[in-house]
K.L.:
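To start, I am sharing the structure in question, which I have written as structure tokens.
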Amino acid sequence: MEKCQQGGCGSQQAQQQQQQQQQQQQEQSVKETLAKIKNKFVVMSGKGGVGKTSVSVNLAMALAEKGYQVGIMDVDVHGPDVPRMLGLSGMLTGDGKKLAPMRYSDHLAAISIEGLMPDKDSAVIWRGPLKHSAITQFVSDVDWGELDFLIVDSPPGTGDEPMSVAQTIADAQAIIVTTPQEVALSDVRKSINFCSKVEMPVFGVIENMSGYACPHCGETIELFGSGGGEKTAQQFGLNFLGRIPFDANMVKSGDAGQSYMRAYADSAVTKAFDRIVEQMGKLI
């Protein structure tokens, strides 16, 4: 009673009202931002090491090369690799109201937690609520403008980050990346079940690192087997988007922050991405 008489209750109530108002403003900003983005895709994988970020970055590059306006949002707060694979560095800037995403080209922009970190090698040690807040702000506080596609690169598994994306971007579709071997496929089935539980449509499955053409003899070597991703897609009644072969030059291009598809326009990998992008383009 004494605290109420001293104005403590009124101060607490005013603080709660201010927090509610801020939350409402953020929710409205999220709606306004997402309304300007035609298609949203979350690139997921059941486990690490399947080349998910490489697929995300090269899909974004391939779409941009076709003339679409594309954004890529890196929500892997513990291992943000998207900026480096795009050859981007430096800090994010803004006008005091919204942040400007980092520009790769006139048709492709990116956002990542790395753009907010002065020391790029610092470890981000966050629990779920902080991750959710950051992912929401990547939508509400970033000036994405009008986009044809937003590609969201999430970390492996079915944890906080993909759950936050599902809650924030209600009309997102999943693209699930796997390699052909059974260990990866058993985990990718968990991702499919995750999408079912959160009511996120699965646009399709990509089988990555599917075959390797020997540069000396030309013979195709099945490093991780072949066909597992397609069989899993058929098992769940999902669209199989295609197989992307393994190519060591893809690794070199990613490390150098350069476009693989520009350098190797006639490669089997580039043709595979073109076929996937063609299917995505039909949505426009």
Side-chain angles (χ1 to χ4, degrees), residues 34 37-63 66 68 70-76 82 132 135 138-139 147-210 224-244 272-284:
L34 294 177
I37 303 172
K38 295 176 183 176
N39 297 283
K40 302 96 172 172
F41 290 97
V42 185
V43 181
M44 304 176 61
S45 65
K47 67 185 295 296
V50 301
K52 172 192 53 58
T53 299
S54 177
V55 169
S56 298
V57 169
N58 281 280
L59 277 179
M61 285 180 170
L63 287 164
K66 299 293 184 183
Y68 297 114
V70 185
I72 181 166
M73 187 166 80
D74 184 357
V75 301
D76 189 343
V82 166
H132 180 79
I135 291 169
F138 280 175
V139 179
L147 294 180
D148 296 304
F149 295 96
L150 176 66
I151 305 295
V152 182
D153 180 52
S154 67
T158 56
D160 292 318
E161 292 89 342
M163 177 63 75
S164 293
V165 172
Q167 292 172 343
T168 305
I169 310 176
D171 59 343
Q173 300 183 70
I175 293 176
I176 300 177
V177 180
T178 185
T179 45
Q181 76 271 35
E182 183 55 37
V183 170
L185 294 171
S186 64
D187 288 324
V188 86
R189 288 191 281 268
K190 294 182 179 68
S191 292
I192 295 171
N193 287 323
F194 166 85
C195 291
S196 177
K197 288 182 179 179
V198 301
E199 298 182 347
M200 179 186 293
V202 178
F203 182 72
V205 176
I206 293 174
E207 185 177 295
N208 196 29
M209 304 184 200
S210 182
F224 303 105
S226 179
E230 184 172 11
K231 290 178 183 176
T232 301
Q234 291 175 348
Q235 178 186 350
F236 284 87
L238 301 175
N239 182 29
F240 181 64
L241 296 172
R243 294 185 180 89
I244 300 173
F273 275 109
D274 283 342
R275 287 191 290 268
I276 296 170
V277 164
E278 184 179 354
Q279 296 180 62
M280 297 171 73
K282 292 177 182 178
L283 299 173
I284 299 295

K.L.:
For K38, give me all partners under side-chain contact (heavy atoms from CB on, under 4.5 Å), at least two apart in sequence or on another chain.
P.N.:
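By the side-chain contact (heavy atoms from CB on, under 4.5 Å) rule, K38 matches D148, I284.
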
K.L.:
Tell me whether N208 contacts the main-chain N or O of V177 through its side chain, where contact means a donor paired with an acceptor under 3.5 Å.
P.N.:
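Between the backbone of V177 and the side chain of N208 there is no qualifying donor-acceptor contact (under 3.5 Å).
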
K.L.:
Hey, does S56 have a side-chain heavy atom less than 4.5 Å from the side chain of I72?
P.N.:
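Of all side-chain heavy-atom pairs linking S56 with I72, at least one is under 4.5 Å.
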
K.L.:
When you measure from the side chain of D187 to the backbone of K47, do you find a donor-acceptor pair of N or O atoms at a distance under 3.5 Å?
P.N.:
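Not at all, since once roles are kept as given, no pair shorter than 3.5 Å links the two residues.
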
K.L.:
If you look at every heavy atom in M209 and P180, which pair is closest and at what distance?
P.N.:
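Looks like O-CD, 4.1 Å.
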
K.L.:
Scan for salt bridge (charged side-chain N to carboxylate O under 4.0 Å, His left out) pairs involving residues 156-165, sequence neighbours excluded, and state none if there are none.
P.N.:
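Sorted pair list: K131-D160, K131-E161.
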
K.L.:
Name all pairs fulfilling the ring-ring contact (aromatic ring centres under 6.0 Å, His included) condition that reach into residues 149-176, sequence neighbours left out, sorted by first residue then second.
P.N.:
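Matches after skipping sequence neighbours: Y68-F149.
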
K.L.:
Name every donor-acceptor pair, under 3.5 Å, that has one atom in a side chain of residues 235-243 and the other anywhere in the protein, sequence neighbours excluded.
P.N.:
from	atom 1	to	atom 2	distance (Å)
N239	ND2	Q279	OE1	3.2
R243	NE	E207	OE2	3.3
R243	NH2	E230	OE1	2.7

K.L.:
So which pairs with a foot in residues 165-177 pass side-chain hydrogen bond (donor to acceptor under 3.5 Å, both in side chains), sequence neighbours left out?
P.N.:
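Passing the test, one end in residues 165-177: K40-D171.
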
K.L.:
Taking only residues two or more places apart in sequence or in another chain, which ones pass side-chain contact (heavy atoms from CB on, under 4.5 Å) with S191?
P.N.:
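Applying side-chain contact (heavy atoms from CB on, under 4.5 Å) to S191 gives M44, T158, I176.
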
K.L.:
Can you list the residues that meet the salt bridge (charged side-chain N to carboxylate O under 4.0 Å, His left out) rule with D153, with sequence neighbours excluded?
P.N.:
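Partners of D153 under the salt bridge (charged side-chain N to carboxylate O under 4.0 Å, His left out) test: K52.
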
K.L.:
So, does S154 use its side chain to make a donor-acceptor pair with the main chain of V43 at under 3.5 Å?
P.N.:
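Yes: the side chain of S154 pairs with the backbone of V43.
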
K.L.:
Can you run down the ring-ring contact (aromatic ring centres under 6.0 Å, His included) pairs that involve residues 189-209, sequence neighbours left out, and say none if there aren't any?
P.N.:
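Of all non-adjacent pairs touching residues 189-209, those that pass ring-ring contact (aromatic ring centres under 6.0 Å, His included) are F41-F203.
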
